[in-house]
Trainee: 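One structure coming up, written as structure tokens, with questions to follow.
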Amino acid sequence: MTTSHADPDPTMDAIGQAVAEGRAGDIPSARRKLLALWSTIGVTGDPLHRCSLAHYLADLYEDPAHALAWNIRALDAADAVTERRAQEHDAGLHIAGFYPSLHLNLADDYRRLGSFEAATEHIEAAEALTPRLPQDSYGDLVRGAIQEVSDAIAAQDRTRRASAPGSPA
């Protein structure tokens with residue numbers, strides 16, 4: 001997907017740089033940078049910034065309770081992002097496409113914490129929202145992860161998925 005930005009967005013750029021740093025292996029530094037950005041953005045700041053930052057920050061926590069707190073913040077912020085705001089950032093971006101992944105992450109966190117009823121609610125929401133996913137490698141990745149988490153919930157398996165963001169390759 002080609003990114004088409006209306007205006008430069010230094011906050012989204014900073015989030016992206018921290019995410020890249022975390023994916024390159026420097027998780028402590030990436031976490032510090034995202035937490036500092038969170039302090040700047042604040043709980044009432046731009047919902048796209050809050051959603052993106054919280055979504056990525058959750059992946060930097062091994063502890064599912066910490067990840068859960070950030071994933072809840074991401075879902076709450078997504079509810080405040082307008083389609084117009086998403087497309088101001090990227091003309092091809094649709095907020096509806098965020099929800100399958102957000103519910104997937106919550107299902108995975110609840111599953112790892114042993115709260116299988118809550119995990120089931122969120123994985124069912126993610127499954128119901130899969131038509132909103134693009135037909136591309138990202139959509140395939142999320143659909144595959146939804147199936148993995150669904151299977152793990154059915155087995156009441158609390159172990160971290162090898163394919164989870166932040167897991168060693």
Trainee: On a heavy-atom basis, which atom in Met12 and which in Ser52 lie closest, and how many Å separate them?
Mentor: CE-OG, 3.3 Å
Trainee: CZ/Arg111 to OG1/Thr120 distance, rounded to the nearest 0.5 angstrom?
Mentor: 11.5 Å
Trainee: Nearest heavy-atom pair of Gly139 and Leu133: which atoms, and what distance?
Mentor: O-CD1, 3.9 Å
Trainee: Tell me the closest heavy-atom pair linking Leu60 and Gly22, and the distance in Å.
Mentor: CD2-CA, 4.3 Å
Trainee: Please report the C-alpha distance between His55 and Ser101 in whole Å, then the side-chain angles of each, then the deciding distance to 0.1 Å, and finally whether the side chain to side chain contact (heavy atoms under 4.5 Å, CB included) criterion is met.
Mentor: CA-CA 9 Å; His55 176 70; Ser101 178; 3.4 Å; yes
Trainee: Checking His103 against Glu121 for the side-chain hydrogen bond (donor to acceptor under 3.5 Å, both in side chains) test, could you report, in this order, the C-alpha distance in whole Å, the side-chain angles of both residues, the deciding distance, and whether it holds?
Mentor: CA-CA 9 Å; His103 282 288; Glu121 290 174 19; over 6 Å; no
Trainee: Out of curiosity, Leu104 CG to Arg143 CZ, how far, rounded to the nearest 0.5 Å?
Mentor: 12.5 Å
Trainee: Which side-chain N or O atoms in residues 148-155 pair as donor and acceptor under 3.5 Å with protein atoms at least two apart or in another chain?
Mentor:
| unit_1 | atom_1 | unit_2 | atom_2 | d |
| --- | --- | --- | --- | --- |
| Glu148 | OE1 | Ser163 | OG | 2.9 |
| Glu148 | OE2 | Ser163 | OG | 2.7 |
| Ser150 | OG | Glu127 | OE2 | 3.3 |
| Asp151 | OD1 | Gln147 | NE2 | 2.7 |

Trainee: Tell me, please, which residues at least two apart from Asp26 pass side-chain hydrogen bond (donor to acceptor under 3.5 Å, both in side chains).
Mentor: none
Trainee: Quick check: do Tyr110 and Glu117 have side-chain heavy atoms less than 4.5 Å from each other?
Mentor: no
Trainee: Which residues pass the side-chain hydrogen bond (donor to acceptor under 3.5 Å, both in side chains) test with Glu21, sequence neighbours left out?
Mentor: Ser29, Lys33
Trainee: Listed by chain and number, what are the side-chain hydrogen bond (donor to acceptor under 3.5 Å, both in side chains) partners of Arg50, not counting sequence neighbours?
Mentor: none
Trainee: Mind checking the CH2-CG spacing from Trp70 to Asp59? Nearest 0.5 Å is all I need.
Mentor: 12.5 Å
Trainee: Of the non-hydrogen atoms in Ala30 and Ala18, which two are nearest, and what is the gap between them?
Mentor: CB-O, 3.2 Å
Trainee: Measuring from Leu53:CG to Ile15:CD1, what's the distance to the nearest 0.5 Å?
Mentor: 4.5 Å
Trainee: Would you say the side chain of His49 lies within less than 4.5 Å of the side chain of Arg85, judging by non-hydrogen atoms?
Mentor: yes
Trainee: Can I get a per-line list of side-chain donor-acceptor pairs under 3.5 Å for residues 34-43, giving both atom names and the distance, sequence neighbours left out?
Mentor:
| unit_1 | atom_1 | unit_2 | atom_2 | d |
| --- | --- | --- | --- | --- |
| Ser39 | OG | Leu35 | O | 3.3 |
| Thr40 | OG1 | Ala36 | O | 3.2 |

Trainee: Run the side-chain donor-acceptor check on residues 71-81: report pairs under 3.5 Å with partners two or more places apart or on a different chain.
Mentor:
| unit_1 | atom_1 | unit_2 | atom_2 | d |
| --- | --- | --- | --- | --- |
| Asn71 | ND2 | Ala67 | O | 3.3 |
| Asn71 | ND2 | Asp109 | OD2 | 2.6 |
| Asp79 | OD1 | Tyr99 | OH | 2.7 |

Trainee: Let me confirm one number: the CZ-CG distance from Arg161 to Asp108, rounded to the nearest 0.5 Å.
Mentor: 4.5 Å
Trainee: Between Ile146 and Thr130, is a side chain to side chain contact (heavy atoms under 4.5 Å, CB included) present by the stated rule, with each step listed?
Mentor: CA-CA 9 Å; Ile146 288 170; Thr130 58; 3.6 Å; yes
Trainee: Go through it in stages, so that I can follow the logic: the residues are Ile95 and Thr82, the test is side chain to side chain contact (heavy atoms under 4.5 Å, CB included), and I'd like the CA-CA distance, side-chain angles, deciding distance and then a yes or no.
Mentor: CA-CA 7 Å; Ile95 192 62; Thr82 64; over 6 Å; no
Trainee: Rounded at 0.5 Å granularity, tell me how far CG in Leu129 sits from CD in Glu124.
Mentor: 12.0 Å
Trainee: Is there side-chain contact between Tyr61 and Leu68, with at least one heavy-atom pair below 4.5 Å?
Mentor: no
